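Here the structure is a predicted model, which means the values were calculated and not measured. All ligand and atom numbering here is 1-based and tracks the order in the structure. We count residues from 1, following the sequence as given.
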Amino acid sequence: MDRIGVIGGGLMGSGITEVCARSGLDTVTVEVSQEAAQAAEAKVRGSLERAVSRGKLSEEDLAGALDRITFTTDLGRLGDRDLVVEAASEREDVKLDLFRTVGALLEKDDAILASNTSSIPIVKLGAVSGRAANVMGVHFFNPAPVMQLVELIPSLTTSPETLERMQTFVAKTLGKQPIEATDRAGFVVNSLLVPYLLSAVRMYEAGYASAADIDNGMVLGCGHPMGPLALSDLIGLDTVRAIGISMYDEFKEPLYSPPPLLDRMVDAGLLGKKSGQGFYPY
Ligand code: CAA
Ligand code: NAD
């Protein structure tokens, strides 16, 4: 698989685009508007420039990676792709529409259509795609260029060949470490992580401690690279909330239900690092 498509050029889509292009793959990234496509390009360029400034990438490799990427607003450009990774916003209606449309326009019978969703059932995306055997979850972690893990999620209708091809792609072509999870909201990592993040928001909301003290508690006391409120800001509070809602819908466990403060912050547009303000200013 060497012709890749990425849908969405936000935090994750831009990171996945960078990972694919740095692995030598021809990559087409689709966004909703010209402005969003330009913002995606700026994110990828900024991240590559940072790698150059840290001595991790040569100027020549930066230029080569950018040359391999096309940023567009035209979903039709995905027709000839071997693999498309959907990384649009965590909204079921948006993803169902995309799987319907892109499932129909892929030209190759064995082209794989994968979702980077954090929590939406893969089987539902397969069902509307018209190619359920070739649909699965491929869940990268944020920041995608840095994090080694990729969760692979076959659904009830994914073929063993599709899973096998994705295992090889992730491990050999991208050089990342795959683990396999079943098609349950949250998969492995978010099932453990999201209740922890939501608990930290509840603590903060209840006035246990300041945001900085909650975060320092986990960084200095447990050796985490960042505290739960800073990590929520990094993920995006809209995304944390959406994952909690999907997990609550599936399991009806109160610990997955987003606390009111998170709802209010998302309503106010305080989405974390990507909007410039969350639990902290950026
Ligand atoms: N894009 C590309 N590279 C980045 C980056 C980004 N956005 N952010 C950091 N990096 C790179 C830096 O260039 C640096 O690379 P080198 O070591 O090769 O020079 C390296 O990462 C470390 O960066 P910094 O020194 O600037 O910062 P740091 O040491 O504080 O690390 C961090 C930053 C990697 C984000 C670290 O704090 C961390 O690991 N945080 C936890 C992240 C995490 O838990 N992610 C999972 C979120 S959950 C998820 O993704 C699933 C979901 O569905 C929500
Ligand atoms: P984001 O808000 O940063 O970006 C989403 C992008 O999708 C936006 O740029 C938006 O314009 C674009 N988009 C929306 N509808 C689209 C459409 N119809 N066609 C093309 N583009 C469209 O979100 P994100 O954090 O990048 O999350 C994307 C996906 O990755 C979600 O499913 C999320 O759950 C998952 N995910 C997020 C993280 C994280 O830490 N943020 C980690 C792993 C997985």
Close side-chain approach of I7 to F99, heavy-atom, < 4.5 Å: no

Check: S14 side chain, G10 main-chain N or O, donor-acceptor pair, under 3.5 Å: yes

Distance from atom 27 (O) of ligand 2 to nearest protein heavy atom, with residue and atom: M12 CG, 4.1 Å

Contact summary for P145 and V19, nearest pair of heavy atoms: CA-CG2, 3.7 Å

Those atoms of ligand 2 less than 4.0 Å from some heavy atom in V30: 20 (C), 21 (N)

Taking every non-hydrogen atom, the tightest pair across V6 and G13: CG1-O, 3.7 Å

Close approach of K95 to ligand 2, heavy atoms, under 4.0 angstrom: yes

Same apolar cluster (I L V M F W Y, side chains within < 4.5 Å links), V84/V128: yes

Short N or O distance, N142 and ligand 1, threshold 3.5 Å exclusive: yes

Atom of M12, atom of A144 and distance for their closest heavy-atom approach: CE-CB, 4.2 Å

Pair Y280-D215, side-chain donor/acceptor within less than 3.5 Å: yes

Which segment of F141 sits under 4.0 Å of ligand 2 when only heavy atoms are counted: neither

Flag, side chain of D82 to backbone of A111, donor-acceptor distance under 3.5 Å: no

Atom 39 (O) of ligand 1: the protein heavy-atom neighbour that sits closest, reported with distance to 0.1 Å: M147 CE, 3.1 Å

Side chain, backbone, both or neither: L98 near ligand 2, heavy atoms under 4.0 Å: side chain

Top protein contact for atom 49 (C) of ligand 1, by heavy-atom distance: F141 CD2, 3.3 Å

Ligand-residue contact atoms, ligand 1 with K56, heavy atoms, under 4.0 Å: 16 (P), 17 (O), 18 (O), 19 (O)

Geometric N/O contact N142 with ligand 2, under 3.5 angstrom: yes

Nearest protein heavy atom with distance in Å, relative to atom 30 (O) of ligand 2: N116 ND2, 2.9 Å

Residue, atom name and distance, where the atom is the protein heavy atom closest to atom 4 (O) of ligand 2: G10 CA, 3.3 Å

R54, M226, H224, H139: member with heavy atom nearest to atom 24 (P) of ligand 1: R54

Cluster overlap L163 with V135, hydrophobic side-chain contacts below 4.5 Å: no

Distance from atom 1 (P) of ligand 2 to nearest protein heavy atom, with residue and atom: K274 NZ, 3.6 Å

Sidechain N-carboxylate O distance under 4.0 Å for K108, D110: no

Option passing side-chain contact (heavy atoms from CB on, under 4.5 Å) with K274 (candidates D238, I235, D233, L237): D238

Ligand 2 versus T239: contacting region, heavy-atom distance under 4.0 Å: side chain

Nearest non-hydrogen protein atom, atom 43 (C) of ligand 2: F140 O, 3.1 Å

Protein heavy-atom partner closest to atom 8 (C) of ligand 2 - residue, atom, separation in Å: E31 OE2, 3.4 Å

Proximal candidate to atom 41 (N) of ligand 2 [heavy atom criterion; set I235, L271, L75]: I235

Ligand-residue contact atoms, ligand 2 with G8, heavy atoms, under 4.0 Å: 7 (O), 20 (C), 21 (N)

Protein residue, atom and distance nearest to atom 16 (C) of ligand 2, heavy-atom basis: V32 CG1, 3.3 Å

Closest to atom 11 (C) of ligand 1 (judged by heavy-atom distance), picking from V146, I235, V189: V146

Numbered atoms and elements of ligand 1 in range of L231, under 4.0 angstrom, heavy atoms: 42 (C), 43 (C), 44 (O), 47 (C)

Donor-acceptor contact below 3.5 Å, side chain Q177 vs main chain L149: no

Ligand 2-proximal atoms of L11, by part, heavy-atom distance under 4.0 Å: both

Cluster check L113, V28: I/L/V/M/F/W/Y, side chain < 4.5 angstrom: yes

Options A87, S118, A88, ranked by nearest heavy atom to atom 31 (C) of ligand 2, top entry: A88

Atom 31 (O) of ligand 1 protein-contacted, heavy-atom criterion under 4.0 angstrom: no

Common cluster, I112/I153, ILVMFWY with side-chain heavy-atom separation under 4.5 Å: no

Heavy atom of the protein closest to atom 12 (C) of ligand 1 (residue, atom name, distance): R50 NH2, 3.3 Å

ILVMFWY cluster, L255 and M203 together (side-chain gap under 4.5 Å): yes

Atom indices of ligand 2, in the order listed, that fall short of 4.0 Å to a heavy atom of H139: 43 (C), 44 (C)

Heavy atom of the protein closest to atom 38 (C) of ligand 1 (residue, atom name, distance): P225 CB, 3.7 Å

Test item: T162 side-chain N/O and T158 main-chain N/O as donor-acceptor pair under 3.5 Å: no

Numbered atoms and elements of ligand 2 in range of T117, under 4.0 angstrom, heavy atoms: 32 (O)

Nearest-contact summary for atom 32 (O) of ligand 2 - protein heavy atom, Å: E90 OE1, 2.5 Å

Single hit among E86, E92, E90 for side chain to side chain donor-acceptor pair (under 3.5 Å) with T117: E90

Protein non-hydrogen atom below 4.0 angstrom of atom 27 (O) of ligand 1 present: no

Contacting atoms of ligand 1, where contact means under 4.0 angstrom from a heavy atom of L193: 48 (S)

Heavy atom of protein inside 4.0 Å of atom 5 (C) of ligand 1, strictly below: yes

Passing option when M166 is tested against E161, E180, M1 for side-chain contact (heavy atoms from CB on, under 4.5 Å): M1

Numbering as shown, the atoms of ligand 1 that approach P145 to under 4.0 Å (heavy-atom distance): 2 (C)

Closest to atom 7 (N) of ligand 1 (judged by heavy-atom distance), picking from P143, S47, G15, S118: P143

E18 side, atom CD; I69 side, atom CD1 - distance, nearest 0.5 Å: 8.0 Å

Identified side chain to side chain donor-acceptor pair (under 3.5 Å) counterpart of T29 within the set T72, T70, T17: T17

Check: P121 main-chain N/O paired with D183 side-chain donor or acceptor under 3.5 Å: no

Protein non-hydrogen atom found under 4.0 Å from atom 52 (C) of ligand 1: yes

Within-cutoff protein neighbour (heavy atom, under 4.0 Å) for atom 20 (C) of ligand 1: no

Any donor-acceptor pair under 3.5 Å from E250 side chain to A185 backbone: yes

Ligand 1 versus N190: contacting region, heavy-atom distance under 4.0 Å: side chain

Nearest neighbour of atom 20 (C) of ligand 2 from the list V138, L193, I7, on a heavy-atom basis: I7

